[in-house]
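Step one of this worksheet: look at the structure below.
This chain uses plain numbering: 1 for the first residue, then up along the sequence. Only heavy atoms go into these numbers, but all of them, side chains included; no hydrogens, no water, no symmetry mates.
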Amino acid sequence: MGKLLVSLRHLENWFQSGKRVLPWRDDPTVYRVWISELMLQQTQVVTVVPYFEKFLARFPTVEDLAGSAEEDVLQFWAGLGYYSRARNLHRAAQMIVKKGRFPRNRAEWLEIPGVGPYTAGAILSIALGEPEPILDGNIERVLSRIRRVSRQKGDVPFKSRLWRISEIFVKLAYRHEISPSVLNQALMELGATLCSPRNPQCIFCPLAQICRAKGGGEQEKYPPKKKPKEWVQVQESLHCLLNSSSKVLL
């Protein structure tokens with residue numbers, strides 16, 4: 001674990017010295033992190049930034065959001081797409097206000113509309129400093145390269161193995177006083193910047209020393225592609241029952 005811990009320290013320092021300036025990183029309350037994570041689902045950061053700022057100006061607290069009409073919420077979401085996210089957000093705000101508090105653990109967050117394992121982990125780690133793992137597309141790419149994780153290994157699913165690696169990283173870092181908020185955001189930042197799908201900038205990567213894909217010159221082979229879909233040809237015949245006047249009976 002010594003080499004891994006040293007690399008995680010490098011990752012922490014890399015992130016703290018050059019992280020992108022994003023509005024939800026200022027005052028990362030549970031409410032602000034939750035809103036940002038819902039907006040960032042299937043949407044690029046550069047698109048989300050102005051929407052996040054306008055949304056928080058209009059609905060600065062969960063009580064403001066819960067007490068507004070759905071039409072008002074949708075108006076401030078207009079342009080982001082995937083409008084079920086906004087409806088889930090509004091419904092969830094009403095649930096939270098009715099309960100009188102935000103969820104306090106992963107199980108409670110998973111009961112909130114629109115919140116899955118990644119979002120629950122992101123809120124708990126970034127806003128509350130809990131050592132909870134996360135796995136989005138960027139982190140999937142980083143971890144699969146570091147550990148050279150393939151899709152064929154026994155009966156353990158590909159993403160289950162990555163979730164386990166993410167958990168090992170965040171808990172090891174936490175035991176050695178590296179904030180889960182910093183560690184998880186740093187992994188996301190690394191995947192969004194240096195550890196790109198094509199032409200990763202390994203020379204600048206703080207985790208290069210433990211990256212097995214880099215060691216084998218196989219960075220762009222990870223994460224491995226999914227098996228292509230197998231198309232099945234189907235032939236169908238249509239039969240009709242007609243009467244003497246050619247009217248369709250069946």
Side-chain angles (χ1 to χ4, degrees), residues 1-20 37 40-42 44-45 106 110 116-126 129-229:
M1 285 295 180
K3 193 173 182 179
L4 173 57
L5 180 59
V6 169
S7 293
L8 294 182
R9 292 281 186 205
H10 290 330
L11 178 65
E12 176 189 25
N13 293 334
W14 170 82
F15 177 72
Q16 296 286 38
S17 64
K19 61 186 176 184
R20 291 173 294 176
E37 290 299 335
L40 287 164
Q41 290 175 4
Q42 300 171 296
Q44 293 185 339
V45 168
R106 180 177 285 267
L110 291 175
Y118 162 76
T119 304
I123 295 168
L124 289 166
S125 62
I126 296 171
E130 297 290 338
E132 289 282 348
I134 61 175
L135 188 69
D136 67 350
N138 286 322
I139 295 181
E140 179 178 316
R141 183 166 57 257
V142 170
L143 297 184
S144 66
R145 285 174 173 172
I146 289 173
R147 288 293 186 250
R148 209 157 59 176
V149 179
S150 66
R151 292 189 184 274
Q152 294 82 32
K153 188 170 182 178
D155 297 324
V156 182
F158 174 69
K159 288 202 175 183
S160 295
R161 294 172 64 203
L162 295 179
W163 271 107
R164 177 57 182 153
I165 295 169
S166 178
E167 182 178 26
I168 290 170
F169 278 29
V170 74
K171 289 189 174 179
L172 173 65
Y174 184 68
R175 288 199 301 271
H176 293 274
E177 300 183 344
I178 299 175
S179 162
S181 173
V182 169
L183 190 280
N184 282 343
Q185 289 188 86
L187 287 171
M188 286 191 283
E189 189 92 344
L190 186 63
T193 56
L194 301 184
C195 197
S196 52
R198 296 287 177 266
N199 301 314
Q201 301 176 57
C202 300
I203 190 172
F204 302 113
C205 179
L207 300 182
Q209 292 300 312
I210 61 168
C211 184
R212 295 176 183 175
K214 178 184 180 297
E218 299 179 318
Q219 298 94 314
E220 295 191 16
K221 291 184 179 180
Y222 293 88
K225 295 180 180 179
K226 296 179 182 179
K227 288 181 62 177
K229 292 181 179 179

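In this structure, the side chain of S166 engages the main chain of I134 through a donor-acceptor pair within 3.5 Å. Looking at R147, its side chain never comes within 3.5 Å of a backbone N or O of I165 through a donor-acceptor pair.
Note that the CE atom of M188 and the CG atom of L135 stand 11.0 Å from one another [nearest 0.5 Å]. L172 CG to L183 CG: the interatomic distance, rounded to the nearest 0.5 Å, is 8.5 Å.
Contact of the W14 side chain with the L190 side chain is registered, since non-hydrogen atoms from C-beta on lie closer than 4.5 Å. In this structure, F15 and V182 have side chains that are in contact, with non-hydrogen atoms separated by less than 4.5 Å. Under the 4.5 Å side-chain criterion, counting only non-hydrogen atoms from C-beta, H10 is not in contact with C205. Side-chain contact check for E132 versus V170: every heavy-atom pair is 4.5 Å or farther apart.
For S181, the side-chain hydrogen bond (donor to acceptor under 3.5 Å, both in side chains) partners are Q185, not counting sequence neighbours. Residues passing the side-chain hydrogen bond (donor to acceptor under 3.5 Å, both in side chains) test with S125, sequence neighbours excluded: N184. Evaluation of the side-chain hydrogen bond (donor to acceptor under 3.5 Å, both in side chains) rule for R141 yields N138 as partners, not counting sequence neighbours. Residues satisfying the side-chain hydrogen bond (donor to acceptor under 3.5 Å, both in side chains) criterion with R164, sequence neighbours excluded, are E167.
Among all heavy-atom pairs drawn from I139 and D136, the shortest one is N-OD1, 2.9 Å. When all heavy atoms are compared, the tightest approach of A120 to R106 is CB-CG, 4.3 Å. When all heavy atoms of L143 and L162 are compared, the closest pair comes out as CD1-O, 3.7 Å. Closest non-hydrogen pair, P117 versus L110, comes out as N-CD2, 3.6 Å. Summarising the geometry of S150 relative to P224, their closest heavy-atom pair is CA-CG, 4.0 Å, with the distance given to 0.1 Å.
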Check: Could you walk me through whether L11 and I178 pass the side-chain contact (heavy atoms from CB on, under 4.5 Å) check?
Finding: CA-CA 10 Å; L11 178 65; I178 299 175; over 6 Å; no
Check: Under the side-chain contact (heavy atoms from CB on, under 4.5 Å) criterion, do Y118 and E37 qualify, and how do the steps go?
Finding: CA-CA 9 Å; Y118 162 76; E37 290 299 335; 2.9 Å; yes
Notebook entry, point to check: Hey, mind stepping through L187 and L207 against side-chain contact (heavy atoms from CB on, under 4.5 Å) and telling me if it holds?
Noted result: CA-CA 10 Å; L187 287 171; L207 300 182; 4.2 Å; yes
Check: Could you go step by step and tell me if I146 and F169 meet the side-chain contact (heavy atoms from CB on, under 4.5 Å) rule?
Finding: CA-CA 12 Å; I146 289 173; F169 278 29; 4.3 Å; yes
Check: What's the verdict on side-chain hydrogen bond (donor to acceptor under 3.5 Å, both in side chains) for E12 and S179, showing C-alpha distance, side-chain angles and the deciding distance?
Finding: CA-CA 9 Å; E12 176 189 25; S179 162; over 6 Å; no
Using atom types as modelled, flag every donor-acceptor pair under 3.5 Å from a side chain in residues 191-201 to any protein atom, sequence neighbours excluded.
residue : atom : partner : partner atom : Å
T193    : OG1  : E189    : O            : 2.6
S196    : OG   : R198    : O            : 2.8

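Counting only residues at least two apart or on different chains, the side-chain hydrogen bond (donor to acceptor under 3.5 Å, both in side chains) pairs with a member in residues 209-221 are R148-E218.
Note that R151 lies in the cation-pi zone of F158, set by a 6.0 Å cut-off to the ring centre and a 45° limit from the axis.
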